Amino acid sequence: MERIVFLDRDTLARHITLRAPDFEHEWVNYDRTAAEQVAARAQGASILITNKVPITAATLATLPDLKMIAVAATGLDAVDVEAANERGVFVKNVTGYAATSVAEHTFALILALSRQVPAYRRSILEGRWQEADQFSFFDHPIADLSGKTLGIIGRGSIGLAVGRLAEAFGMEVQFAGRKGRRSSQPPAIPFEHVLMQADVLTLHCPLTEETKNLIGEAEFALMAKKPLLINTARGGLVDEDALIAALDQGLIAGAGFDVASQEPPPKDHPLMRAAGRDNVILTPHIAWASDEAMSALAEQLIENIENYIALSG
């Protein structure tokens, strides 16, 4: 009988149902698991489920019964995949479940910032509407999206979904090529050109050694049109100290971030220090987390496990 251990069940909302796999098994849930608890809690498990709990080479060496790691996310950052492969442990992630959810959240951030929703909300709470003594007031300039250029870094399912929404708003969509390449194959445009031409720049690429701090001081200096910068991908894609400097210097019009380099970020984190600004929105890594997306993730997670058992049996 298979023993399945879910190390961080609280990373999925409690109202999202995880159905039982269609084979004989024992299922153990842990709400949260610290890195130092993994080896003990995973003893005897043949299948380990993790979302963000790290599975290291050292931990894998203590788990002789482990056959599969089912990742309840798309990113494989938490798992030492090379070490797992060396030990014959199959690793499988969940893909394509949140393209709609992330794309819609991306546009929620774009719209809120371009329409100055946070700034006007603050003004109303401070009594500015009553002070204006007329039906409207115009303290914060508002920009339409139609006719503007959206630069997208990352042309996977989420980037493509964001592009389709942008076209519906009448925006010109530009997909960026790889950073550092002088030319790009159509429909991609050289990375630096996108930075120079974008009115809004949005990130939808994975975090790798190649993409860490993809946007930093040099990149902000190229942003001639002072764009909104949106990041619903991974926090490490942007040098967050450089981001604060860019906001201070007016190199960008604003920032909408759903991710941070450290999650949750401590109170002195750059994004936390900036979160109170009218032109900054920080949300707690929830772009992926619509009920529909989480339900699709849960179903694909169980299907991945069932498929592995069916093929390995």
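Count residues from 1 along the sequence. Note that the structure is predicted; figures quoted are calculated from it, not measured.
Within the structure, salt bridge (Lys or Arg N to Asp or Glu O under 4.0 Å) contacts touching residues 238-252 (residues at least two apart or in different chains) are Asp248-Arg277.
There is no path of hydrophobic side-chain contacts, each under 4.5 Å, that joins Leu63 to Ile49. Under a hydrophobic-cluster definition in which Ile, Leu, Val, Met, Phe, Trp and Tyr are linked whenever side-chain heavy atoms come within less than 4.5 Å, directly or via other members, Phe23 and Leu18 are assigned to the same cluster. Note: the hydrophobic cluster containing Val53 does not contain Ile4 (ILVMFWY, side chain heavy atoms under 4.5 Å, direct or indirect links).
Salt bridge absent: Lys52 and Glu263 never bring a charged side-chain N and a carboxylate O closer than 4.0 Å. No salt bridge links Arg273 with Asp268; every basic N to acidic carboxylate O contact stays at or beyond 4.0 Å. In summary, Glu306 and Arg19 engage in a salt bridge, as defined by a charged side-chain N under 4.0 Å from a carboxylate O. Between Glu210 and Arg178 there is a salt bridge, with a side-chain nitrogen of the basic residue lying less than 4.0 Å from a carboxylate oxygen of the acidic one. Of the charged side-chain nitrogens involved, none lies within less than 4.0 Å of a carboxylate oxygen, so that Arg3 and Asp65 do not count as a salt-bridged pair. A salt bridge links Asp31 with Arg14: at least one charged nitrogen is closer than 4.0 Å to a carboxylate oxygen. Residues Lys225 and Asp199 are paired through a salt bridge, judged by an N-O separation under 4.0 Å between the basic side chain and the carboxylate.
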Side-chain donor-acceptor contacts of residues 150-167 below 3.5 Å, not counting sequence neighbours, with atom names and distances?
none

Would you check, one step at a time, whether the test side-chain hydrogen bond (donor to acceptor under 3.5 Å, both in side chains) holds for Ser261 with His269? CA-CA 9 Å; Ser261 57; His269 189 278; 3.1 Å; yes

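Looking only at atom types and distance, the side chain of His25 has no donor-acceptor partner in the side chain of Ser46 under 3.5 Å away. A side-chain donor from one of Thr232 and Thr106 sits under 3.5 Å from a side-chain acceptor of the other. Side-chain contact, Thr202 with His204: a donor N or O sits under 3.5 Å from an acceptor N or O. Looking only at atom types and distance, the side chain of Thr59 has a donor-acceptor partner in the side chain of Thr56 under 3.5 Å away.
Nearest heavy-atom pair, Phe107 versus Phe169, reported as atom, atom and distance to 0.1 Å: CE2-CD1, 3.6 Å.
Note: Ile305 CD1 to Ile69 CD1 = 12.0 Å, rounded to the nearest 0.5 Å.
The backbone N or O of Pro141 sits less than 3.5 Å from a side-chain atom of Gln116, completing a donor-acceptor pair.
Within the 4.5 Å cutoff, the side chain of Glu292 has no heavy atoms near those of the Ser101 side chain. Side-chain contact between Leu203 and Thr211 is absent, with no heavy-atom pair separated by less than 4.5 Å. Residues Glu219 and Lys179 are in side-chain contact: their nearest non-hydrogen atoms beyond the backbone lie under 4.5 Å apart. Inter-residue side-chain proximity for Ile215 and Met223 is flagged as met; some heavy-atom pair is nearer than 4.5 Å. In this structure, Ile286 and Asp258 have side chains that are in contact, with non-hydrogen atoms separated by less than 4.5 Å. Using a 4.5 Å cut-off on side-chain heavy atoms (C-beta onward), Val238 and Leu214 make no contact. For the pair Arg41/Gln43, no side-chain contact is recorded, criterion being any heavy-atom separation below 4.5 Å from C-beta on. Residues Trp288 and Leu297 form a side-chain contact, since some pair of their non-hydrogen atoms from C-beta on lies under 4.5 Å apart.
Other residues, nucleotides and ligands contribute over 12 non-hydrogen atoms within 6.0 Å of the CD atom of Glu126.
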